[in-house]
Amino acid sequence: MTRGPHPSPDDYPVLWPIPTRWHDNDHYGHVNNVTYYSYFDTAVNAWLMSATGTDIRDLPAIGIVAETSCNYLRELSFPDQLLVGISVERLGTRSIVYALAIFRNGPNGDQAIAATGRFVHVYVDRSSRKPVDIPPSIRSVIADLAGSSAES
């Protein structure tokens, strides 16, 4: 996916809504930096559950976060309404690399970029925690998403 210096919502095939919560704000009056990671995690997993029609917690393989990063571009604060942009940077045999962004969904329809991020899921057997192939139900929706990302 080719992007300018700051991506727009149009760069992401999925925009998952996330509301800020009262306790997301820290003592400085803005959303605390660690909470952005929670937004990424919530959006990716909620979208996976919605897109697959499966409770991913019940699969024999689970996605473990092996790497994550965030670039903060703009403050957020409760009661902001957010959209988390989700796209696929890489689909491997046992791992998925997501390219993510958080947009403030403003009252006038403006969608200002607040952060960009990267999120890597490595799939492991639920019991042994040894790496395994991505479950077929997840691979299918990720392959579709990766195709959408490539077209953007």
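Because the structure is predicted, anything quoted here is derived from the model rather than measured. Atoms considered below: every heavy atom in the structure, side chains included; atoms not considered: hydrogens, waters and symmetry mates.
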Atom pair CG (L91) and CD1 (I142), whose distance is rounded to the nearest 0.5 Å = 7.0 Å
query = Taking atom types as modelled, is there a side-chain donor on T35 or R21 under 3.5 Å from an acceptor on the other?
reply = no
query = Can you tell if the side chain of Y12 reaches within under 4.5 Å of the side chain of V14, non-hydrogen atoms only?
reply = no
task = Would you kindly confirm whether I62 and I134 end up in one hydrophobic cluster when ILVMFWY residues are joined by side chain heavy atoms under 4.5 Å apart?
result = no
request  = Could you grab the distance from atom NE2 of H121 to atom CD1 of I96, nearest 0.5 Å is fine?
outcome  = 7.5 Å
remark   = In this structure, CH2 of W16 is separated from CD1 of I86 (nearest 0.5 Å) by 7.5 Å
ask   = Is there a path from F78 to I102 through hydrophobic residues (I, L, V, M, F, W, Y) whose side chains come within less than 4.5 Å of each other?
value = no
query = What distance separates S87 OG from L145 CG, expressed to the nearest 0.5 Å?
reply = 7.0 Å
message = Count I, L, V, M, F, W, Y as connected when their side-chain heavy atoms are under 4.5 Å apart, and connections chain through other members. Are V132 and V97 then in the same cluster?
response = no
W47 and V141, any side-chain heavy atoms less than 4.5 Å apart = yes
ask   = Within a strict 4.5 Å, meaning less than it, do heavy atoms of the P7 and T116 side chains meet?
value = yes
Check against side-chain contact (heavy atoms from CB on, under 4.5 Å), E75 and V31 = CA-CA 7 Å; E75 282 187 342; V31 170; over 6 Å; no
ask   = Does T42 reach the main-chain N or O of S38 with its side chain, forming a donor-acceptor pair under 3.5 Å?
value = yes
Within-4.5 Å side-chain heavy-atom neighbours: R57 and M49 = yes
task = Determine yes or no for a side-chain-to-main-chain donor-acceptor pair under 3.5 angstrom, with D80 supplying the side chain and L76 the backbone.
result = no
inquiry  = Could you tell me if the side chain of V120 sits less than 4.5 Å from the side chain of V65, heavy atoms only?
reply    = no
key: Heavy-atom closest pair, residues P9 and L15   = CB-CD1, 3.8 Å
remark   = Distance col, row R90:CZ vs R118:CZ, nearest 0.5 angstrom, shows 9.5 Å
ask   = Is there a donor-acceptor pair under 3.5 Å between the side chain of S8 and the backbone N or O of D10?
value = yes
task = Would you name the heavy atoms of D24 and P19 that are closest together and state the gap between them?
result = OD2-O, 4.5 Å
ask   = Is the closest side-chain heavy-atom distance between F119 and L100 below 4.5 Å?
value = yes
key: Test side-chain contact (heavy atoms from CB on, under 4.5 Å) applied to L59 and I138, step by step   = CA-CA 10 Å; L59 295 173; I138 292 176; 3.6 Å; yes
ask   = Could K130 and D125 be called an ion pair, given the rule that one side-chain N must be under 4.0 Å from one carboxylate O?
value = no
task = Could you tell me the separation between the OH atom of Y98 and the OG1 atom of T68, rounded to the nearest 0.5 Å?
result = 12.0 Å
message = Taking L82's backbone N and O only, do any of them form a donor-acceptor pair with R104's side chain (distance below 3.5 Å, no angle check)?
response = no
inquiry  = Angle between ring planes, Y28 versus H30, binned at 30° and 60°: parallel, tilted or perpendicular?
reply    = parallel
inquiry  = Check whether N32 reaches the backbone of V34 with its side chain - one donor and one acceptor, N or O, closer than 3.5 Å.
reply    = yes
By side chain to side chain donor-acceptor pair (under 3.5 Å) - contacts of S140 (at least two apart) = none
inquiry  = Would a single hydrophobic cluster contain both Y37 and V122, if residues Ile, Leu, Val, Met, Phe, Trp and Tyr are joined by side-chain heavy-atom contacts under 4.5 Å?
reply    = no
message = Could you tell me if N25 and S77 have a donor-acceptor pair between their side chains, going purely by distance under 3.5 Å?
response = yes
message = Using side-chain heavy atoms (C-beta onward) and a distance below 4.5 Å, is Y123 in contact with P131?
response = no
Flag side-chain contact, heavy atom, 4.5 Å: V84 against F40 = yes
query = So, for D58 and R126, which heavy atoms are closest and what is the spacing to 0.1 Å?
reply = N-NH2, 3.8 Å
